[in-house]
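FYI, side chains are in, hydrogens and waters are out, and symmetry mates aren't considered; it's all heavy atoms of this structure. In what follows, every chain begins at residue 1, and chains take the letters A, B, ... in the order their sequences are listed.
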Protein chains: 2
Amino acid sequence: MGAKILIVDDEPQIRKLLRVTLQAHGFTTIEAATGQDGIIQAGMIRPDLIILDLGLPDMDGTKALSQIREWSVVPIIVVTVRDDEEGKVYALDHGADDYVTKPFGMSELMARIRTALRHVANQPDEPVLKIGKLTIDLARRIVERDGQPVRLTPTEYDLLKTMATNAGRVMTHRQLFQQVWKGQNYETADHYLRVYIGHLRKKIEDNPAQPNLIITEPGVGYRLVIPSES
Amino acid sequence: MGAKILIVDDEPQIRKLLRVTLQAHGFTTIEAATGQDGIIQAGMIRPDLIILDLGLPDMDGTKALSQIREWSVVPIIVVTVRDDEEGKVYALDHGADDYVTKPFGMSELMARIRTALRHVANQPDEPVLKIGKLTIDLARRIVERDGQPVRLTPTEYDLLKTMATNAGRVMTHRQLFQQVWKGQNYETADHYLRVYIGHLRKKIEDNPAQPNLIITEPGVGYRLVIPSES
DNA sequence: TCTGGGTGTAAAAAGATCGTAAAAATGGAG
DNA sequence: CTCCATTTTTACGATCTTTTTACACCCAGA
C-alpha cells in the first residue's frame with residue numbers, strides 16, 4: 001500500500017515500536033515528538049494518516065487535534081493511556097477518527113489503520129498510456145484513437161501493449177514474438193509479426209502506407225514512436 | 001440530525017437500552033433480532049448506520065457483515081462481548097467501521113456513532129447503479145429497464161452485478177466465473193458464461209441479436225458498456 | 001537489367017470461440 | 001412425492017481469429 005503515516009508521540013520506545021511494525025506492513029513513517037512538530041509535519045508532509053498520542057509534553061493532544069482538523073481531513077487515530085470515557089468522547093467529537101487505549105495490540109491497531117484508510121479510499125490511478133493521439137487503458141483493456149475506441153483482437157492488443165509499454169524503444173523481432181506468442185518456438189515468427197503489424201497499422205495509423213506511429217527498423221524490429229519525435 | 005440507525009442484537013434488554021439512548025439523542029431506530037432479519041432490514045430501510053452484535057443466534061455476525069458489505073457502504077459498528085484481538089482484526093478487515101467491546105459506555109458509543117456518521121456525511125454513496133436505461137439497486141436486488149422491473153434468476157443477477165460494478169471494464173471469463181460460481185474449478189466455465197450472457201441479453205437488450213449493452217470481447221471476456229460509448 | 005533478402009498487403013484455409021435452442025438434471029416448496 | 005424454477009448439459013451452426021499461402025514491392029549490388 002505504501003501510505004505515509006505520521007507518528008506523533010513523545011516516547012521514543014513507542015515511536016520505535018510503531019515505526020518497525022508499520023514499516024513491516026509496508027507503510028512509510030514520519031515521526032514527531034511534540035505536538036508543535038506534529039502539526040508542522042502534518043502540513044509539510046501531508047501524511048495519509050496520523051497516529052496521535054494525547055499525552056504530549058508541550059501541548060494538550062486535543063489542541064493539536066483541533067488545529068490539524070482546521071485545514072485537513074486526514075484520518076487521525078488517537079492513541080493514549082487515558083481510558084476515561086470523557087476523554088474519548090471529547091477526542092472523537094473533535095475530529096479523531098478512532099481512539100485506542102494503551103496498551104493496545106499491534107494487530108488491532110493495524111486493522112484500525114486499514115479501516116481508517118479505507119474511508120478515504122481513492123482507488124489508485126489506473127495505468128493509462130498515452131502515445132500521441134493513442135490512448136491505451138491497461139486496466140480496462142481499451143484502446144482509443146482520437147477518443148474513438150479501436151477494436152483489437154487479443155493478439156493485436158498484446159502486440160500493441162508490449163510496444164506501448166516500451167514506447168520509443170526498438171523491440172526486436174525476437175522480443176516481440178516471445179512476449180506475444182509466449183513460449184512458442186521461433187519459426188515463421190517474423191512473418192506473423194509482419195502480418196499483425198500490418199493489422200495494427202491499418203487500425204491505428206492515419207495513413208497505414210506511411211506509418212508514423214509504428215516505425216520499422218529494418219533488419220532489427222519495430223518501434224512505437226513517442227510524440228516528441230516526428 | 002435524525003439519522004436512521006439499525007440495531008441488530010438478539011438480547012432485548014440491550015436493544016431497549018440502545019433504543020432509548022439513541023432516541024434520546026434524536027436518532028430514529030429500527031431493530032432486528034436475527035442476522036437474517038438484519039440483512040433484510042438493511043436492504044429495505046437503508047439505515048444511515050448499523051449497530052451489529054456479532055453474537056447472533058441464527059448466523060455468524062461476520063457473515064452478516066460480509067453480506068451487507070456486498071452492496072452497501074453504510075457504516076457498521078460492531079458491538080460484542082468477545083474481546084479477542086483476532087476477532088477485532090477480522091471484523092475490521094471485513095468491513096466493520098468500528099469495534100466496541102461490551103460492556104461499553106453509552107457516551108463513548110454515541111461519540112463513535114457521530115464519528116462514523118461524519119465519515120459518510122460528505123460522500124452520499126447510493127448503492128444504485130445506473131447504466132444507460134438500466135437501473136440496478138444492489139440493496140433491494142432489483143433490476144429495472146426503462147423503469148420496468150426485470151426478473152432475473154440468482155445466477156443471472158450475480159453475473160449482471162459483477163459486470164455492473166465493473167462497468168466499462170473488460171471482465172475476463174475467469175474473473176466472471178470466479179465471482180459468480182464461487183470456488184468451483186474452471187472447466188466448462190466459459191460455456192456457462194455463454195449461456196447466461198445469452199439469458200441476460202434476452203432480458204435487458206433491446207435487440208439481443210445485436211447487443212449494445214453487454215458486448216463480447218472475443219477471446220477475452222465481456223464488457224458492460226457505459227452510456228457515453230456506443 | 002536481373003537477383004535476392006527483407007518487407008508489406010491481401011485473401012485463403014484452418015482453428016477456436018461464440019450464440020442459441022432445447023433437453024436433461026437438480027433442488028426446493030408445498 | 002410432485003411440481004416448478006433454475007441450473008447444467010448437449011448439440012450444432014455462425015462468427016471471429018489465427019495461421020498459412022501467395023504475390024507485389026523496394027532497394028542494393030552484380
- Item | Which residues share a side chain to side chain donor-acceptor pair (under 3.5 Å) with Glu86(B), sequence neighbours left out | none
- Applying side chain to side chain donor-acceptor pair (under 3.5 Å), name anything that partners Thr29(B), two or more places apart in sequence or on another chain. Gln23(B)
- Who are the ring pair (Phe, Tyr, Trp, His ring centres under 6.0 Å) partners of His191(B), not counting sequence neighbours? none
d([atom1], [X]; [atom2], [N]) in whole Å:
X	N	atom1	atom2	answer
Leu200(A)	dT18(D)	CG	P	11 Å
Asn207(B)	dG19(C)	CG	P	14 Å
Ile214(B)	dT20(C)	CD1	C1'	15 Å
Leu176(B)	dC18(C)	CG	P	12 Å
Tyr157(A)	dT17(D)	OH	P	15 Å
Asp190(B)	dT9(D)	CG	C1'	14 Å
Tyr196(A)	dT20(D)	OH	P	11 Å
Tyr192(B)	dG19(C)	OH	C1'	18 Å

N/O (side chain, [X]) to phosphate O (OP1/OP2, [N]) under 4.0 Å:
X	N	result
Thr155(A)	dT18(D)	yes
His173(A)	dG6(C)	no
Trp181(A)	dT19(D)	yes

- Look at the rings of Phe177(B) and Tyr192(B) and say which category their plane angle falls in: under 30° parallel, 30 to 60° tilted, over 60° perpendicular. tilted
- For Lys203(A), look at atom NZ and say whether over 12 heavy atoms of other residues, nucleotides or ligands are found less than 6.0 Å away. yes
- What side chain to side chain donor-acceptor pair (under 3.5 Å) pairs are there with at least one residue in residues 67-81 of chain B, not counting sequence neighbours? Arg69(B)-Asp97(B), Glu70(B)-Lys161(B)
- Message: Looking at Lys133(B) and Asp146(B), is any side-chain nitrogen of the basic one under 4.0 Å from a carboxylate oxygen of the acidic one?
- Response: yes
- Message: Regarding Asp10(B) and Arg15(B), does a basic nitrogen lie under 4.0 Å from an acidic carboxylate oxygen?
- Response: no
- Protein-to-nucleotide contact annotation, 5' to 3' order, nucleotides 24-30 of chain C [B base; S sugar-phosphate only; - none; under 4.0 Å, heavy atom]: -------
Below 3.5 Å is the cut-off: list the nitrogen or oxygen pairs between protein and nucleotides 8-12 of chain C, distance only.
from: dG8(C); atom 1: OP1; to: Arg201(A); atom 2: NH1; distance (Å): 3.1
from: dG8(C); atom 1: OP2; to: Tyr222(A); atom 2: OH; distance (Å): 2.9
from: dA10(C); atom 1: OP2; to: Lys202(A); atom 2: NZ; distance (Å): 3.1

- Of the options Val79(B), Leu65(B), Ile77(B), Ile7(B), which is the one that meets Leu52(B) in a side chain to side chain contact (heavy atoms under 4.5 Å, CB included)? Leu65(B)
